[in-house]
Structures are given as C-alpha cells and as structure tokens.
Amino acid sequence: MVLSPVIGKLLHKRVVLASASPRRREILSQAGLRFEVVPSRFKEKLDKAAFPTPYAYAIETAKQKALEVASRMHQKDLRAPDVVIGADTIVTIGGLILEKPADKQDAYRMLSRLNGKEHSVFTGVAIIHCCSEDGQLDMDVCEFHEETMVKFSELSEDLLWEYIDSGEPMDKAGGYGIQALGGMLVECVRGDFLNVVGFPLNHFCKKLVELYCPPRREDVQRVKHESIPAVDTFEIASDAAQGDEGCGPSRAGVDGHSGQAPAGPQGPDTNGLVENPPPFPSDLLDLIDGFKASKALFTACKLKVFDVLKEEGPLKAVDVARKINASVCGTGRLLDVCVALGLLEKTDTGYGNTRLASRHLASEGACSLHGFVAYHDEHAWTVFTDLESAVRQGPQAAAGRPEEDPSQSRDRRLRFMRAMHGLTQLTARQVATAFDLSRFTSACDLGGCTGALARELAREYPRLKVTVFDLPEVIEHVSSFHPEGWQPERLHFVPGDFFKDDLPDAQLYVLSRILHDWADDRVHELLSRVSRSCKPGPFLRCSGEADLSIDCPAKAGLQLLPTAGLVLGNGDLSEPPHRRRETDTKGTQWSA
Ligand SMILES: Cc1cn([C@H]2C[C@H](O)[C@@H](COP(=O)(O)OP(=O)(O)OP(=O)(O)O)O2)c(=O)[nH]c1=O
C-alpha cells in the first residue's frame, strides 16, 4: 500500500536512498516508497565543535551524504536521480555526541554514560532534488531533523557486557538498537520511535506534503478589510517551511509546482471564504500511467533481462545491453524503470534481479510467469488496443474476423498454452486443495490444457483418477511441457471438443478459466452436457438433469475469482467455510 498522496508523490521519480542502513531501507520500503540504495562514501568526520547544536551536525552530515551520492551518480551517468535522501542518526547526552562505537570498549563507554538516564536521539534528514541540464547538476536541498527522548533503565555491568558481546551495538549510534535486543535496556521513549531506529518517517511525510502539495493561497481563509490589504489568517505551511531548516524557496520548482499558488478555477466567494479544493487525484494519475509500467515489464521480459541477470547478475547497464543486443542508453533507462517498479535492485556492482523477478519473470523455473507475460504482451495488449471497437460493435465484430494463417494459429496456441501452464503451475495447489475432494475417485478437467491442475489433483488425492479433456491440437503439444518420459500415475489425456464429443465419464468435472470465455447460451450448453455426463458421487444429492441457469452464481463467482477453478459434481463438496458455495434448485452444487 502506498500512502497516497504523500509517498505516492515520489512514485514516478527516480529516488535514491544514500544510506547503507538496513533500518532506513526497511522503514522506507514498508511505507511503499520505491527507491534504489546507493550508500554514501562521505566520511563522517565533520568538526562537531563547529556546529551550534547537535542536530545541526546531524543535518549537515545527512546533507553531505546525500550530496556525495547525487554528484557521484551525476558524474558517472551524466544523469542524476530525481531525488536523493540522506540521513544521519546521533545520540546526545550532556552535550556529547555519540555515534557508532569504534570497538567494544567504546560501546561500553557509551552505554555506561546512557545507563539509568534519559538522552536524546536526533536524526538529521536531507532531501535533495536534482536537475541535470547541459551536463550541469542543479541541486535543491530540503533538510530537517527530529528529536526523540529515550530513557535507559539502571543496568548491571554484566548485562551491559552481555549486550555488547551480542555484537548488536557496533553499527548503531550510541551503541544500541532499540528495535532489537537493545529494546530491553529502554524504560521509556518520548517521541517518534522510528526516528531512533534511523528514519523519522512521520516528519518525512509531512515534508513531502509541504514540498509537493503546498496549500494553494486561495485555500487559506482570508479576512477582507476595507482599508488594509488582505491578510492570511493562517500561516501557509509552505511559507512557514521557508523559515524552517533550509527548505528554501528554490524548491518551489519541484514537480511542476511553483511556490506561487496556481490560479484556481474558483475564486474566493463574496465573503472572502473559499470552498475546499478537490483531493489531488493521484490514484487516477496512477491509473492513467499504469500501462507504461506493464509495458516496461513486458519489454524487459521479452528482451530476457531477467534471464540474463538471473544467470550473471549483478551487471552494469552496458553489459546487459551487450547481452540483450540493445542500445546502452535504452537499456539503462529500462533497467532504471525496473528498479523503480521493484523488479530489479541497483547497487555499486550493477543491476540484479529481486527475488520476485528471479522466481517469476525469468523464463525457466517452476514458478515462471514468463509465458503468461508474453501472452499478455503479444495477445492481450493488442486485444485491449481494440477495446473501443469491441465496445462499439459488440462481440459479433470479433466473431467476424478473418481466419488467420494456420502456422500463426499454431504459434498462438503454443503461446497460450505456455501462459496457462505457467499460471496454473502457480495456482494449481491452491485450487486443488480449496475443496476436500478426497471422496471422489474420478475427475475430468475440461479444457485442462497441459494437465498442470490435473497433475496436482492426482498428487493431492491418491484415490483420484483424472482425465484431461482438451482439443486434439492442444493435447498434441502436451509432452513438450513436461520432462521427457513423463508418465504420471492416474492421469491421462483424451482429445476432443467439449461442445461436440462425448465427455469422459467422471464423478467430478473441473472447469478452470473456461466459462468466462463463452457467451451465456454456450455456457448453458456446456454445463448441460456436463450435468448429463456427471456420474453419481459418493454423497448423491440430486438425480436427473439440473436446471442449469445461465446466470448461475458459479459463473459470477468465477469472474470474481479468475484464477480459481469451477468444480461441478453431483456430490457433497465439503469445503472451507470462506469459499463460495451455491446450490441450485435441484441440488447440484456450484462452487467457484
Ligand atoms: C539509536 C539507534 C540507532 N540505530 C542505527 C540507525 C543508523 O543506521 C545508525 C546510525 O548511523 P548513521 O551514520 O546514521 O547511519 P549508517 O552508518 O547506519 O548508514 P549511512 O551512514 O550509510 O546512512 O544507528 C538503530 O538501528 N537503532 C537505534 O536504536
């Protein structure tokens, strides 16, 4: 979830966290921010005595960390990220600044100072907006700090040393980690807990609001007076921020907002009061832009970016470009988009797959959705491009399309089979175990394609014999989806057309991702055929042909749960209570 419109403001920007701190990374990712991590090489050796306050020191260190990353990235790529975030956390007690301990003795000195007392934890944060033009880098810095008070209990020497020996203090300011073992040392906290852990998320979000959604001037209530100029009755947050630590007016250009209020559609009413503005439509903007994210993912899959990085990553953009035979500049941009989408990670050594990408977007592997992505790219994308004419002309228009070249339809079928195989491999276990089917001994998966679901059903239910019934031109290719010599027990394939040929006998029929493809009269026809063929199950409830209403709830259920299967049997399907189950007038059970 993204806390739109706050964190959402950064979604379409290239954001870099200039920090090696795993805590900062976790806090910001959990808030829904998408960013790259480029640890800063700035040496934290500023002269503390030169700063009027401890937090001024923390802010300056945070700023220098972020500036170092921004200018390094600019020099390297001639292109800086849009936003760089730096932070620095310090602990202060009695005017002394404590950073990370140099060794165990140092940690002991720090913890002894904090023992039984209250101290302050400051985190300084710098948000740098970068703009590269004609090789020049312009940077606009916004900085702030947050203070949290932490009180330690009275701790024994033994406990302190035990804690130090755990190794936890070494990479943490003040020599403790409140979020882990160090939490045992702490009696109470006043202020933002996450600030102690390394990043004041709440204050950060407020800063984003100031930067990206400053209240418009006309939204601020005004009092009119005959003789004196209009006066703002409330301080405008963005104006107030200018006096705040360093959020200077130059930031006003960020994201196309000028510091001046844009002229609103409605002027003040006659009393000088103005209606509230409509909420900023960030979800809508995300919807408008959504296709770009899909297409970037499709393109990276098609170019086998995730395969290359799975085998050889991390790699620099130039090496990926060579391997996928594409331009360096184009590849670099595609890789950065994939980073922003959470599909790749970028570090000093180059780009690498996230676990999600290696598992689902590389072309090989039991959980690969590569075929499913390719199908969407090559087929669904085109179909959706024609959505307007489909809506205007209705489904008949699609039926009237010219026959395609048979070799193309073969390729298309294979693509479709790959897509379904990938998706079903991923979902088969959940579908197979959604209902307790252990009482059945025979099942038929209609349109069961490569048998991925049937295989899981046979594996799950040792008494069940499963028949996969699908078109001959589909069955012909099944072997290419399974290891050579694959001969699963209790599973066999029967070629046929479920609208024309006799259906194999079974107590249970499975229709997974089938019904949504057909018009209501065809669905009626198919379900009637199923009902006629269905053998009595172990808990027979009905006899004769069910009244197969076209608007059966099962069909609606399928549309709601597109990855689920429809199981139809003349028996009692006992299933978990949260599953949909509807019974028609004659007792046939419909479950989706
Ligand atoms: C007090 C305290 C600090 N810390 C951590 C937060 C910071 O990571 C670290 C303070 O060191 P910092 O110098 O602020 O950060 P860092 O060196 O970890 O990362 P970088 O300089 O690359 O940004 O101490 C905790 O994790 N828990 C705590 O309770």
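Counting starts at 1 for both ligands and their atoms, following the listed order.
Looking at residues two or more places apart in sequence or on another chain, you find a salt bridge (charged side-chain N to carboxylate O under 4.0 Å, His left out) between Asp319 and Arg322. Residues forming a ring pair (Phe, Tyr, Trp, His ring centres under 6.0 Å) with His421 (at least two apart in sequence, or on another chain): Phe481, His482. Partners of Tyr351 according to the ring pair (Phe, Tyr, Trp, His ring centres under 6.0 Å) rule, which considers only residues two or more places apart in sequence or in another chain, do not exist here.
In this structure, the side chains of His360 and Leu426 come closer than 4.5 Å at one or more pairs of heavy atoms.
Between the side chains of Glu99 and Tyr57, at least one donor N or O sits under 3.5 Å from an acceptor N or O.
Using a 30° and 60° split on the angle between ring planes, Trp381 and Phe291 fall in the tilted class, from 30° to 60°.
The 4.0 Å heavy-atom shell around ligand 1 contains residues Ser19, Ala20, Ser21, Arg23, Arg24, Glu44, Lys65, Ala87, Asp88, Thr89, Lys100, Asp171, Lys172, Ala173, Tyr176, Gly177, Ile178, Gln179, Val196, Val197, Gly198, ordered by chain and number.
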